[in-house]
**Student:** 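Next up is a structure, given as C-alpha cells.
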Amino acid sequence: MTDGHERYLQEVLISEERLRQRIAELGKEITTDYQGCPGLVLVCVLKGGILFLADLMRHIQVPHGIDFLAVSSYGVGARQSQGEVRIMMDLSSQISGQHVLIIEDIIDSGHTLRYVMEVLQARRPASLKLCALLNKVSRRRVNIQVDYTGFEIEDRFVFGYGLDLDERYRNLPFVGVADLSQSGDA
Ligand code: IMP
Ligand code: MG
C-alpha cells in the first residue's frame, strides 16, 4: 500500500533523523532563551506548522501555551505567494503582554510572515519572535528577522513534514523536493 507520494518525490532533502536532531537543538535553544520568562505562547501558523509545533514543543522545557492562526497562502496549484495576505482564522486568546513565538513551516518571499508580524505586533505582546523550520533565503522579497531557523534551503519546492503539495502529503515524516513536472501545473 502506498499513498502515491513517490511519484512526486525527486529526493529526500531533510530526513526524519535530521529533523529530529535539529528540532531537539532548537527546543534547547528556546528553553535557554526563555528561561524564567512568564507568559510564553507559541503561535503556530496553520496549516504547515503543525508537525513542527508538535515536535518542537516537546523540547521546550518552559511553561507555555499554544495558539493557532490561519492565513491565506498559496491556493491549490499556485506556487507563488501573492503580496496580499489575509487572516482566515484568528487566535483564540489575547496576546498583549505575552511573549509570543511564531512557529512557521517555511519562509519564502517573506510576505506572509511580515504581515503576520505586523498584525501581532499591533496587539502589543511583551515580545515577538519568529521560529521557522525552513528558510529559503534567496527568495526573500521583504526583509524580516528570523530568530530561530531549522534549515536554510535552496529555492526548490518542498513538501512533507507539514508542507503540502496541493493540500496533500503533509503527513510525510521527511522534507522532500517535489518533481513539479509530475504535478500538473509545471
Ligand atoms: P511567503 O509569503 O512567500 O514567505 O510564503 C510562505 C508560505 O508559502 C508558507 O507558509 C508555505 O505555506 C508556502 N510555501 C512556500 N514555499 C513552499 C514550498 O516549497 N512548499 C510548500 N509550501 C511553500
Ligand atoms: Mg502551503
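Order of appearance sets the numbers: ligands from 1, and atoms from 1 within every ligand.
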**Student:** For atom 20 (N) of ligand 1, which candidate among Val158, Leu165, Leu163 holds the nearest heavy atom?
**Tutor:**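 Considering heavy atoms of Val158, Leu165, Leu163, the nearest to atom 20 (N) of ligand 1 sits in Val158.
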**Student:** Mind checking whether Ile106 contacts ligand 1 via backbone (N, CA, C, O), side chain (CB onward), both or neither, at a 4.0 Å heavy-atom cut-off?
**Tutor:**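 For Ile106, backbone and side-chain atoms both sit under 4.0 Å from ligand 1.
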**Student:** Does some non-hydrogen atom of Gly48 fall short of 4.0 Å from ligand 1?
**Tutor:**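 Gly48 does not count as a contact of ligand 1 under the 4.0 Å cut-off.
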**Student:** Taking Thr149 for the side chain and Phe151 for the main chain, is one N or O donor matched with an acceptor at less than 3.5 Å?
**Tutor:**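 It does not hold such a pair.
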**Student:** Taking atom types as modelled, find out whether Glu17 and Gln21 have a side-chain donor-acceptor pair closer than 3.5 angstrom.
**Tutor:**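 A donor-acceptor contact under 3.5 Å links the two side chains.
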**Student:** Under a 4.0 angstrom heavy-atom cut-off, which atoms of ligand 1 come close to Phe157?
**Tutor:**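 In order of numbering, the contacting atoms are 17 (C), 18 (C), 19 (O), 20 (N), 21 (C), 22 (N).
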**Student:** I need the single residue from Asp179, Leu180, Val158 that forms a side-chain contact (heavy atoms from CB on, under 4.5 Å) with Leu165. Which is it?
**Tutor:**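 So the option named by the test is Leu180.
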**Student:** Once you restrict to heavy atoms under 4.0 Å, what part of Arg139 touches ligand 1? Side chain, backbone, both or neither.
**Tutor:**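 It is neither part, as no heavy atom is under 4.0 Å.
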**Student:** Measuring only between side-chain heavy atoms, which start at C-beta, is Leu172 closer than 4.5 Å to Leu9?
**Tutor:**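 No, every pair of side-chain atoms sits at 4.5 Å or beyond.
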**Student:** Using the rule given for salt bridge (charged side-chain N to carboxylate O under 4.0 Å, His left out), can you reason through Arg22 versus Glu25, listing the C-alpha separation, both sets of side-chain angles and the distance that settles it, and then say yes or no?
**Tutor:** CA-CA 5 Å; Arg22 182 70 188 122; Glu25 283 173 13; 2.7 Å; yes
**Student:** Tell me whether ligand 1 is touched by Phe159 - counting only heavy atoms on the residue side and a distance under 4.0 Å.
**Tutor:**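 It does not; every heavy atom stays at 4.0 Å or beyond.
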**Student:** At less than 4.0 angstrom from any non-hydrogen atom of Thr112, what atoms of ligand 1 do you find?
**Tutor:**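 Numbered from 1, ligand 1 contributes 1 (P), 2 (O), 5 (O), 6 (C).
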**Student:** Pick one of side chain, backbone, both or neither for how Asp105 approaches ligand 1, counting any non-hydrogen atom pair under 4.0 Å.
**Tutor:**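 Near ligand 1, Asp105 shows its side chain, while the N, CA, C and O stay back.
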**Student:** Is there a side-chain contact between Leu101 and Val41 in this structure, where contact means two heavy atoms from C-beta onward sitting under 4.5 Å apart?
**Tutor:**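 Answer no - side chains too far apart.
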**Student:** Measure from the side-chain N and O atoms of Asp155 to the backbone N and O of Ser138, and report whether any donor-acceptor pair falls under 3.5 Å.
**Tutor:**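 It does not hold such a pair.
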**Student:** Considering the heavy atoms of Glu104, write down every atom of ligand 1 situated less than 4.0 Å from one of them.
**Tutor:**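 By the 4.0 Å cutoff, the relevant atoms are 10 (O).
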**Student:** Just to be sure I read this right, does ligand 1 sit under 4.0 Å from the backbone of Arg156, its side chain, both, or neither, counting only heavy atoms?
**Tutor:**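 For Arg156, the contact with ligand 1 is made by the backbone alone.
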